[in-house]
Amino acid sequence: MHIYDSAKREEVLFVPIKTDKVKIYVCGPTVYDNAHLGHARSALVFDLLRRTFIELGYKVIFVKNFTDIDDKIIKKMDETGQTLNEITSHYINMYKNEMKSIGVKDADLEPKATQSIKEIIDFIEVLLEKKIAYQISNGIYFDTSKDNKYLTLSRMKMDDTKARVEINREKKNQKDFVLWKFSKNKEPSYDASFGTGRPGWHVECSAMIEKHMAYDGSYQIDIHAGGADLFFPHHENEASQTRCKSGQELARYWMHNGFVTINDKKMSKSLENSFFLKDALREYDGEILRFYLLSSHYRANFNFSKEDLLVSKKRLDKLYRLKKRVFEYKKSTLCKEFKKNFLKALSEDLNISKALSLLDLMISKTNEELDLNPKNKTIKFETNANLKWIESILGIGYQNPYMYFQIGVNQTEKRYIEELINKRAKAKKEKDFKKADFLRETLTCRGVNLMDTANGTQWEKVK
RNA sequence: GGCGACAUGGCCAAGUGGUAAGGCAGGAGCCUGCAAAGCUCUGAUCCCCGGUUCAAAUCCGGGUGUCGCCUCCA
């Protein structure tokens with residue numbers, strides 16, 4: 001497996017800390033609002049990474065957190081009058097359900113910041129003892145000047161004159177960041193030896209990683225992943241904290257996914273161009289969204305467009321049409337060469353384009369073979385197994401192929417369609433092609449495509 | 001201002017110095033009563049200008065353009 005390491009800024013061979021094991025931590029969402037397509041892509045990309053490692057034979061420990069205490073959540077409390085827990089549990093449930101409908105599996109562990117307060121406090125206490133953290137009027141801060149490796153991850157050069165962050169004269173260095181915010185009046189808070197308050201964002205991840213993943217005597221995980229926007233300052237700060245506290249590097253490899261853009265602009269609150277996953281799911285099938293969002297390289301930006309999404313749907317349609325042709329042939333003996341090549345492509349820093357081109361080639365080659373040998377069971381068995389494997393590695397093609405083409409068609413409609421198909425068959429038998437074509441046209445107008453095959457007339461809802 | 005990414009046929013998108021994968025759309029054909037589906041064939045010298053090299057989309061330098069991070073952000 002080769003992956004692009006954002007820290008080294010080059011593609012490198014992946015070498016696990018412990019043979020055949022991979023510990024992956026992904027920065028999850030702050031749960032104060034609905035997930036948008038950007039969250040979906042990040043989740044999908046690292047879901048694919050996880051599946052790839054599993055297929056390569058690794059034992060994967062996959063952790064994704066929820067940030068459930070944060071200024072934005074508190075703001076939401078003020079706006080809605082709801083409790084912290086009402087807000088966060090609502091958005092966590094939404095997130096998990098929506099991710100499920102695009103085929104993202106739950107992480108092995110999904111820690112919440114509020115359930116790791118003790119570890120966060122302990123973490124900060126150690127930093128205070130080591131004089132790496134210090135207190136000012138509004139909280140505990142991390143002294144970045146104590147870490148001579150600070151900024152080596154992101155390679156940023158701090159130019160205070162251009163920094164957009166508000167200048168705080170109490171801080172020792174302007175790049176110092178908050179570890180613990182003292183609470184004002186009725187804000188949610190936790191008691192700590194150094195004062196009542198709540199954790200800062202960066203320290204949560206470091207503490208949760210330590211709590212859940214630092215065993216076997218190591219603070220280090222294999223891969224730390226997240227959106228490209230987290231590289232600085234979030235990941236830089238996480239790395240620094242852990243380095244200063246434990247003396248070890250937090251992660252061996254850093255991976256960052258590119259953004260989902262709308263009209264080439266990053267989806268963001270301020271631009272009001274967020275496309276929420278729940279809205280997308282109202283319009284498109286989750287499987288198609290998954291396939292679409294996975295269809296290009298994870299580090300490139302992904303410009304969302306309906307047209308491109310429909311291209312992905314067509315590509316998926318083709319897979320399902322092949323699945324129809326081999327559906328009843330369940331004996332499993334997949335093509336080793338296909339699997340090997342496909343995994344090889346994914347092992348090149350998740351080269352999905354290359355992998356999908358192999359899938360397309362497999363599909364068209366198999367269709368050709370089946371055109372020539374419609375009754376060849378060996379081909380059908382193998383193809384069925386190939387598609388089964390694609391389900392597990394890509395998470396697509398898992399539906400009943402007949403049902404797939406009937407999404408959004410109710411029973412009454414189905415009966416009507418079948419009735420017209422029967423009438424048309426009768427007309428065809430009587431060589432009344434004018435009537436047959438009229439019946440077909442009637443269905444076409446309703447978005448139903450007919451196809452006459454050796455096994456009778458089949459239909460697809462094309463919308 | 002600092003740091004960085006990207007620029008490949010109409011669109012989407014791979015590409016490890018040796019003469020451009022794949023998908024969609026378009027065109028031609030096979031199949032079909034006609035279609036649909038499926039299959040076959042069909043198109044680019046890779047933003048511009050220099051340089052290195054026997055050889056560059058791929059390396060180097062300089063432009064131009066787009067986007068991102070440096071405030072919360074997947």
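We name chains A, B, ... by the order of the sequence lines, and we start the count at 1 in each one. The analysis underlying the following values was restricted to heavy atoms, covering all of them including side chains, and did not include hydrogens, waters or symmetry mates.
Among the protein residues, A:Phe231 comes within range of no part of the nucleic acid, since none of its heavy atoms lies under 4.0 Å from any strand. Using a 4.0 Å heavy-atom cutoff across all strands shown, A:Gly227 reaches sugar-phosphate atoms only and no base atom. Within 4.0 Å of A:Gly28, counting heavy atoms only, lie sugar-phosphate atoms of the nucleic acid but no base atom. Nucleic acid contact for A:His36: base, since at least one base atom lies under 4.0 Å from a heavy atom of the residue. Nucleic acid contact for A:Val260: base, since at least one base atom lies under 4.0 Å from a heavy atom of the residue.
Taking atom C1' in both B:G68 and B:A74, one finds a spacing of 13 Å when rounded to whole Å. Taking the C1' atoms as reference points, B:G50 lies 14 Å from B:A56, given to the whole Å. Taking atom P on both B:G10 and B:C48, the two are 14 Å apart, rounded to the nearest angstrom. Rounded to the nearest Å, the gap between the P atom of B:C67 and that of B:A25 is 30 Å. When the C1' atom is used for both B:A44 and B:A21, the distance is 14 Å, rounded to whole Å. For the P atoms, the distance linking B:G29 with B:U19 amounts to 34 Å, nearest Å. Nucleotides B:C12 and B:A7 place their P atoms 12 Å apart, quoted to the nearest Å. Separation of the C1' atoms belonging to B:G15 and B:G23 is 16 Å when rounded to the nearest angstrom.
Among residue pairs with one or both ends in residues 432-463 of chain A, none qualify as ring-ring contact (aromatic ring centres under 6.0 Å, His included); sequence neighbours excluded. Pairs passing the salt bridge (Lys or Arg N to Asp or Glu O under 4.0 Å) check and including a residue from residues 224-240 of chain A, sequence neighbours excluded, read A:Asp229-A:Lys266. For residues 439-448 of chain A, the salt bridge (Lys or Arg N to Asp or Glu O under 4.0 Å) pairs, not counting sequence neighbours, are A:Asp437-A:Arg440.
Between the CG atom of A:Asn301 and the P atom of B:C12 there is a distance of 14 Å, given to the nearest Å. Summarising the geometry, the separation between OH on A:Tyr298 and C1' on B:G68 is reported as 17 Å, rounded to the nearest angstrom. Note: NZ (A:Lys306) to C1' (B:C12) measures 17 Å, nearest angstrom. The CE atom of A:Met156 sits 11 Å away from the P atom of B:C69 (whole-angstrom rounding). In this structure, A:Asn303 atom CG and B:A5 atom P are separated by 21 Å, rounded to whole Å. Counting to the nearest Å, the P atom of B:C72 and the CD atom of A:Glu272 are 20 Å from each other. When the C1' atom of B:A74 is taken as reference, atom NZ of A:Lys72 falls 12 Å away, rounded to whole Å. The nearest whole Å value for the distance from the CG atom in A:Asp264 to the C1' atom in B:G65 is 12 Å.
Sorted by residue number, the members of residues 442-451 of chain A with any non-hydrogen atom under 4.0 Å from RNA chain B read A:Asn449, A:Leu450, A:Met451. Of all the residues in residues 233-242 of chain A, not one reaches under 4.0 Å from RNA chain B with any non-hydrogen atom.
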Worked verdict on A:Phe342 versus A:Trp389 for ring pair (Phe, Tyr, Trp, His ring centres under 6.0 Å): CA-CA 11 Å; A:Phe342 197 96; A:Trp389 183 71; 5.5 Å; yes
Ring pair (Phe, Tyr, Trp, His ring centres under 6.0 Å) between A:Tyr292 and A:Phe304, worked out: CA-CA 9 Å; A:Tyr292 174 51; A:Phe304 183 90; 5.6 Å; yes
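Of the listed nucleotides (B:A14, B:C39, B:C11), B:C11 has the atom at the smallest distance from the side chain of A:Asp308. Set against B:A74, B:G33, B:A37, the side chain of A:Arg321 has B:A37 as its closest nucleotide. Distances were taken from every side-chain heavy atom of A:Ser42 (C-beta onward) to each of B:A74, B:C70, B:G33; the shortest belongs to B:A74. Across B:C34, B:A74, B:G38, the shortest atom-to-atom separation from the side chain of A:Asn367 is found for B:G38.
Under the Watson-Crick and G-U wobble criteria, each requiring two contacts below 3.5 Å, nucleotide B:G17 is left unpaired. As the counterpart of B:A37, no nucleotide is assigned, since no Watson-Crick or G-U wobble pattern has both distances under 3.5 Å. Applying the Watson-Crick and G-U wobble criteria (two distances, each under 3.5 Å), B:C67 pairs with B:G4. Both distances falling under 3.5 Å, in either a Watson-Crick or a G-U wobble arrangement, occur for no nucleotide opposite B:U52. Remark: B:C46 base-pairs with no nucleotide; criterion is Watson-Crick or G-U wobble with both hydrogen-bond distances under 3.5 Å. Of all nucleotides present, none satisfies the Watson-Crick or G-U wobble test against B:G9 with each distance under 3.5 Å. Base-pair partner of B:C31: not found among the strands shown (Watson-Crick or G-U wobble, both distances under 3.5 Å).
Contacts of A:His256 classified as ring-ring contact (aromatic ring centres under 6.0 Å, His included), with partners at least two apart in sequence or in another chain: A:Phe231, A:His235. With sequence neighbours left out, A:Tyr253 forms a ring-ring contact (aromatic ring centres under 6.0 Å, His included) with A:Phe14. Every ring-ring contact (aromatic ring centres under 6.0 Å, His included) that A:His202 has, sequence neighbours left out, goes to A:Phe177, A:His234. The side-chain hydrogen bond (donor to acceptor under 3.5 Å, both in side chains) check on A:Arg252 picks up nothing, with sequence neighbours excluded.
Between A:Phe46 and A:Phe53, the distance separating the two ring centers is not shorter than 6.0 angstrom. Residues A:Phe66 and A:Tyr95 place their aromatic rings such that the two centres sit under 6.0 Å apart.
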Contact state string [nucleotides 19-30 of chain B, B base, S sugar-phosphate only, - no protein heavy atom under 4.0 Å]: --BSSSS-----
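Between the side chain of A:Asn263 and the base of B:C67, no donor-acceptor pair under 3.5 Å is found.
Look at A:Lys96 and A:Glu110 and you find a salt bridge, because one of the NZ, NE, NH1 or NH2 atoms lies within 4.0 Å of a carboxylate O, short of that distance. By the 4.0 Å N-to-carboxylate-O rule, A:Glu418 lies too far from A:Lys414 to be salt-bridged with it.
In this structure, A:Arg315 and A:Leu356 have side chains that are in contact, with non-hydrogen atoms separated by less than 4.5 Å.
Residues A:His224 and A:Ala251 approach most closely at CB-CB, 3.6 Å, considering heavy atoms.
Residues A:Lys324 and A:Gln458 bring a donor and an acceptor atom of their side chains to less than 3.5 Å of each other.
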List, with names and distances, any nitrogen or oxygen atoms from the protein found under 3.5 Å away from nitrogen or oxygen atoms belonging to nucleotides 42-48 of chain B.
none

Could you pull out every donor-acceptor pair under 3.5 Å between side chains of residues 274-284 of chain A and any protein atom, sequence neighbours left out?
from	atom 1	to	atom 2	distance (Å)
A:Asp279	OD1	A:Arg282	NH2	2.6

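Closest-nucleotide positions on RNA chain B for A:Gly38 and A:Arg9 were compared, and the one nearer the 5' end corresponds to A:Arg9.
Here A:Arg299 does not reach the OP1 or OP2 of B:A5: none of its side-chain N or O atoms lies under 4.0 Å away.
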